[in-house]
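Structure, as structure tokens:
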Amino acid sequence: MDGFLILTILIVFMALAFDFINGFHDTANAIATSVSTKALKPRHAIILAAVMNFVGAMTFTGVAKTITKDIVDPFTLENGSLVILAALISAVFWNLLTWYYGIPSSSSHALIGSIAGAAIAAAGFASLNYQGFLKIIQALIFSPIIAFVVGFIVYSIFKVVFKNNNLTKTNRNFRIFQIFTAALQSYTHGTNDAQKAMGIITMALIANNYVTSTDIPFWVQFSCALAMGVGTSVGGWKIIKTVGGKIMKIRPVNGVAADLTGAMIIFGSTLIHLPVSTTHVISSSILGVGSAHRLKGVKWGTAQRMLITWVITLPISATIAGLIYLLLNAIF
């Protein structure tokens with residue numbers, strides 16, 4: 001068995017591990033509000049999220065193609081296999097570290113930062129596809145801002161429309177509707193997040209001359225969808241506690257507004273083939289809803305801690321990936 005094949009198999013394994021970890025790390029965000037309002041029992045919410053994540057991941061491949069070609073050029077990437085492997089090890093390490101401490105960090109930031117950092121270590125800053133890379137960074141920056149604004153607007157509309165309704169009856173109806181919004185948000189999560197590992201595997205296949213185009217092979221799409229679905233079934237209770245209760249006290253009407261906002265932003269990004277951080281989008285949606293509900297009710301200390309993590313993830317993951325690449329290059 002030649003070295004390229006061994007590296008490719010290792011990359012596929014690590015990419016699927018990344019999707020598995022992403023499943024219990026990021027998908028918790030999609031069901032956190034429905035669990036915290038008791039719209040769904042935790043076990044039912046996780047099963048629902050796992051199924052909808054798998055379905056979402058099998059629906060689109062546009063984001064995967066963006067990951068494959070817009071950060072670096074896989075056809076000319078120097079030591080492509082080692083770059084991709086270093087990026088995956090870095091992203092998995094950061095995801096596990098932040099999951100352990102219950103911090104809703106972004107798997108997207110970790111992966112994209114890691115790819116850039118490993119590529120720079122291998123071939124310098126000129127190896128980056130700046131036009132595509134900056135487009136991705138803009139999407140990562142602006143999507144949570146848009147989610148905050150839209151969440152504020154959606155909940156403000158809800159307050160006007162339902163201001164004369166009986167509170168108990170309204171909460172009961174919204175709790176039922178939240179089952180649908182949790183499913184929708186889990187589906188959109190699958191359409192965006194699962195595709196990132198698909199793009200990574202396709203990069204490796206191109207770098208090692210196993211495929212000659214950026215089209216995503218079906219076996220890659222299916223295996224990544226399955227890995228994320230299984231990962232989701234494991235659950236991420238630490239993240240659920242942070243997103244579902246430590247940002248604000250969430251009621252069913254808040255949960256529906258946040259879920260709808262998050263689903264709209266994530267799915268809109270998927271349609272234009274841009275990877276976004278579902279963690280950032282969902283958390284910012286909750287912050288926007290909370291600000292519209294009662295500004296003092298938002299626990300801004302938690303929000304500040306999350307923001308700091310969001311900011312540092314890209315540079316830290318890039319640095320870790322660069323160091324891992326240098327180590328792998330010395331070994332191989």
- [ ] Apply the test side-chain contact (heavy atoms from CB on, under 4.5 Å) to residues Val289 and Val154: give CA-CA distance (whole Å), side-chain angles for both, the deciding distance (0.1 Å), then the verdict.
- [x] CA-CA 8 Å; Val289 168; Val154 169; 5.9 Å; no

Open item on the list: Using modelled atom types and a 3.5 Å cut-off, is there a donor and acceptor pairing between side-chain atoms of Gln195 and backbone atoms of Gly62?
Closed with: yes

Open item on the list: Is it the case that the side chains of Ser81 and Asn208 hold a donor-acceptor pair, with the cut-off being a distance below 3.5 Å and no angle test?
Closed with: yes

Task: Heavy atoms of other groups near Lys159 NZ, more than 12 under 6.0 Å - done: yes

Open item on the list: Are Val276 and Leu271 linked, directly or through intermediate hydrophobic residues, by side-chain heavy-atom contacts shorter than 4.5 Å (ILVMFWY only)?
Closed with: no

- [ ] Answer yes when Lys65 and Asp70 have at least one side-chain N-carboxylate O distance shorter than 4.0 Å, and no when they do not.
- [x] no

TODO: Tell me whether Leu260 is reachable from Met52 by hopping between hydrophobic residues (I, L, V, M, F, W, Y) whose side-chain heavy atoms are closer than 4.5 Å.
DONE: no

Task: Flag if over 12 foreign heavy atoms under 6.0 Å of CZ, Phe93 - done: no

- [ ] Nearest 0.5 Å please: distance from the CD1 atom of Ile115 over to the CZ atom of Phe133.
- [x] 9.0 Å

TODO: Evaluate side-chain contact (heavy atoms from CB on, under 4.5 Å) for Leu314 paired with Ile137, printing each intermediate quantity in order.
DONE: CA-CA 10 Å; Leu314 267 170; Ile137 295 300; 3.9 Å; yes

Open item on the list: According to a hydrophobic-cluster definition based on side-chain heavy atoms being under 4.5 Å apart (Ile, Leu, Val, Met, Phe, Trp, Tyr only), do Val72 and Met14 belong together?
Closed with: yes

Open item on the list: Nearest 0.5 angstrom please: Ile216 CD1 to Cys224 SG, how far?
Closed with: 9.0 Å

Open item on the list: Can you confirm whether the side chains of Ser90 and Ser114 place a donor and an acceptor under 3.5 Å from each other?
Closed with: yes

TODO: May I ask you to check whether over 12 heavy atoms, not counting those of Phe13, lie within 6.0 Å of atom CZ?
DONE: no

Open item on the list: Out of the candidates Thr181, Ile179, Asn173, only one should pair with Phe177 under the side-chain contact (heavy atoms from CB on, under 4.5 Å) rule; please name it.
Closed with: Thr181

Open item on the list: Less than 6.0 angstrom separating the ring centers of Tyr155 and Phe162, yes or no?
Closed with: no

- [ ] Rounded to the nearest 0.5 Å, what's the gap from CG on Leu10 to CG on Leu85? Could you check?
- [x] 5.0 Å

- [ ] Mind checking the CG-CD1 spacing from Asp259 to Ile286? Nearest 0.5 Å is all I need.
- [x] 7.5 Å

Open item on the list: As an exercise, state the distance from CE of Met228 to CG of Asn53, rounded to the nearest 0.5 Å.
Closed with: 5.5 Å

